[in-house]
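A quick write-up on the structure given underneath.
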Amino acid sequence: MQASVITADLSRDDLLTLLYWMRLTRVFDERVHLLYNQGRIPGAAFSQRGHEATTVGSSFALGPDDLVAPVHRDLGVYLLRGITPRRVMAQMLGRATGPSRGRDVNLHGMGDLSLNIIGYPSPLPDTLPLAVGAALAFQYRGEPRVAMTYFGDGSASEGGCHEALNLAAVWRAPVVFICENNQYAYSTPLSKQMAVDNIADRAAGYGFPGVVVDGNDVLAVVEAARAAVDRARRGDGPTLIECKTMRMLGHAFHDDASYVPRELLAEWEARDPLRRYEMRLREHGLVSDEELAALARRVTAEVDDAVDYAEASPWPAPESVTEGVYAP
Ligand SMILES: Cc1ncc(C[n+]2csc(CCOP(=O)(O)OP(=O)(O)O)c2C)c(N)n1
Ligand SMILES: [Mg+2]
């Protein structure tokens with residue numbers, strides 16, 4: 001594990017920007033949970049609680065022209081990379097104004113190529129080969145761009161994951177793989193699906209660096225991600241960053257996660273990424289209680305606005321059902 005860092009050489013503005021995205025992600029997620037419990041969300045919804053530092057810290061390291069290919073628990077990535085809270089909430093509520101135009105719900109299918117965000121295809125880990133393909137295109141066209149993609153510990157055991165990692169190495173593709181090791185794949189704990197301690201150790205077998213990072217420490221994630229992005233942009237090829245974190249709720253909101261030991265959850269709760277970061281900023285005099293209160297008000301207002309917008313948005317028109325369908 002990398003040592004904890006104080007500021008990752010970031011300006012105060014950047015430090016507060018990270019806090020903003022983490023808090024927005026948390027509050028947005030809590031609101032989705034509430035809406036789900038009220039029966040206002042069609043289908044399932046996946047909580048990202050616990051992933052804030054991993055998603056925000058990694059995607060913060062990218063430049064404006066870089067590309068992301070996130071998955072179902074990466075709310076922080078979609079928000080930070082430019083899909084507005086309004087559009088994400090419309091997607092959650094299945095409305096025509098969401099990125100999938102009501103074709104899909106929760107974060108499935110949520111992308112926007114104009115923002116360099118590849119929509120999440122449901123079969124795991126198909127996001128990885130897509131990101132490697134995008135990185136190959138950047139390399140082929142001589143563009144100094146990087147692709148960053150995300151996958152869970154469960155997805156790390158799928159064949160497509162190894163194929164993508166291997167080809168990325170062979171092609172020295174400008175891609176950064178973020179593994180979100182949150183200890184569980186649905187109800188399957190790590191110990192039931194792999195016999196190694198670190199997924200990052202596998203990178204050596206493909207021929208590129210693998211780094212283990214505390215996924216609940218946003219500044220450690222930013223540092224590791226920046227190094228990997230720089231390396232990819234220099235033409236030195238991929239990096240695998242394994243962010244150790246915890247899925248703090250069930251697989252989706254319908255799942256009470258009764259199979260997860262309470263002691264394990266308590267252990268990770270003590271390392272809550274948002275609270276920990278706020279405490280660190282306060283200890284270093286980088287944020288005041290008034291600023292924290294103002295931030296909380298600001299993100300709550302943004303989420304309120306997103307819900308109002310989504311609920312006032314139309315459902316997809318039945319006659320539009322064949323639009324966007326690819327059939328040769
Ligand atoms: C090929 C495939 N099998 C099963 C699923 C259903 N599924 C969606 S998420 C998930 C768990 C994935 O676990 P992990 O990769 O650890 O990600 P996490 O949900 O923990 O973030 C499963 C089984 C799927 N989307 N694709
Ligand atoms: Mg997992």
Side-chain angles (χ1 to χ4, degrees), residues 25-26 29 32-33 36 41 43-59 68-79 91-92 100 103-111 118-131 148-165 177-200 202 210 212-216 221 240-261 264-265 267-268 271 273:
T25 305
R26 169 71 57 94
D29 191 58
V32 172
H33 198 171
Y36 178 83
I41 300 271
F46 305 90
S47 174
Q48 64 76 56
R49 196 178 184 90
H51 285 235
E52 293 87 351
T54 292
T55 55
V56 169
S58 54
S59 52
V68 287
V71 286
H72 55 286
R73 226 173 282 290
D74 295 328
L75 176 63
V77 179
Y78 295 102
L79 289 170
Q91 169 88 6
M92 294 288 179
S100 78
R103 269 63 178 165
D104 217 332
V105 285
N106 59 69
L107 301 182
H108 284 74
M110 193 165 84
I118 293 187
Y120 162 46
S122 294
L124 296 166
D126 287 1
T127 314
L128 269 69
L130 291 176
M148 180 175 276
T149 188
Y150 296 78
F151 63 110
D153 42 286
S155 310
S157 296
E158 291 272 350
C161 178
H162 305 286
E163 293 168 26
L165 293 170
F177 299 102
I178 306 289
C179 178
E180 299 169 86
N181 180 350
N182 63 6
Q183 319 300 321
Y184 280 82
Y186 214 124
S187 54
T188 307
L190 281 179
S191 58
K192 290 249 161 59
Q193 61 141 334
M194 62 183 70
V196 290
D197 290 335
N198 300 314
I199 295 163
R202 296 180 181 166
V212 176
V213 72
D214 178 347
N216 282 18
V221 177
L240 168 57
I241 301 175
E242 178 184 358
C243 297
K244 305 265 195 199
T245 186
M246 181 70 197
R247 193 193 73 198
M248 295 305 293
L249 294 172
H251 173 66
F253 291 126
H254 66 267
D255 167 23
D256 68 3
S258 48
Y259 48 84
V260 177
L264 182 63
L265 284 171
E267 197 186 296
W268 283 93
R271 287 188 247 163

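Counting starts at 1 for both ligands and their atoms, following the listed order.
Residue N182: an N/O/S atom is found under 2.8 Å from the Mg ion (ligand 2). For the Mg ion (ligand 2), the set of nearby N, O or S atoms under 2.8 Å includes none belonging to S155. For the Mg ion (ligand 2), the N/O/S atoms of D153 include one lying under 2.8 Å.
Between G154 and ligand 1, at least one N/O pair is under 3.5 Å apart. Residue Y186 has no nitrogen or oxygen atom sitting less than 3.5 Å from a nitrogen or oxygen atom of ligand 1, judged on distance alone. At least one N/O-N/O distance between N182 and ligand 1 falls below 3.5 Å. Backbone and side-chain nitrogen or oxygen atoms of Y120 are examined, and none is located within less than 3.5 angstrom of a nitrogen or oxygen of ligand 1. The shortest N or O to N or O distance between E158 and ligand 1 is not below 3.5 Å.
Between the side chains of T245 and N216, a donor-acceptor pair is found at a separation under 3.5 Å. Side-chain contact check for N198 and K244: at least one donor-acceptor pair (N or O, by modelled atom type) lies under 3.5 Å. Between Y150 and T55, the side chains place no donor N or O within less than 3.5 Å of an acceptor N or O (distance only, hydrogens not considered).
In this structure, atom 24 (C) of ligand 1 has protein heavy atoms in its sub-4.0 angstrom surroundings. Distance check on atom 3 (N) of ligand 1: every protein heavy atom falls at or beyond the 4.0 Å cut-off. Counting protein heavy atoms under 4.0 angstrom from atom 11 (C) of ligand 1 gives one or more.
At a heavy-atom cutoff of 4.0 Å, ligand 1 is contacted by no atom of E180, backbone or side chain. Of all the heavy atoms of F46, none lies under 4.0 Å from any atom of ligand 1, so neither backbone nor side chain is involved.
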side-chain contact (heavy atoms from CB on, under 4.5 Å) evaluation trace for R202 with H162: CA-CA 9 Å; R202 296 180 181 166; H162 305 286; 3.9 Å; yes
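Taking 4.0 Å as the cut-off, R247 does not count as a neighbour of ligand 1 on heavy-atom distance.
Here is the list of ligand 1 atoms found below 4.0 Å of a heavy atom in H72: 9 (S), 17 (O), 18 (P), 19 (O), 21 (O). Shown in contact with A185 at under 4.0 Å from a heavy atom are these atoms of ligand 1, numbered in order with element: 13 (O), 16 (O). The H251 neighbourhood of ligand 1 comprises atoms 9 (S), 10 (C), 11 (C), 19 (O), with distances under 4.0 Å to a heavy atom of that residue.
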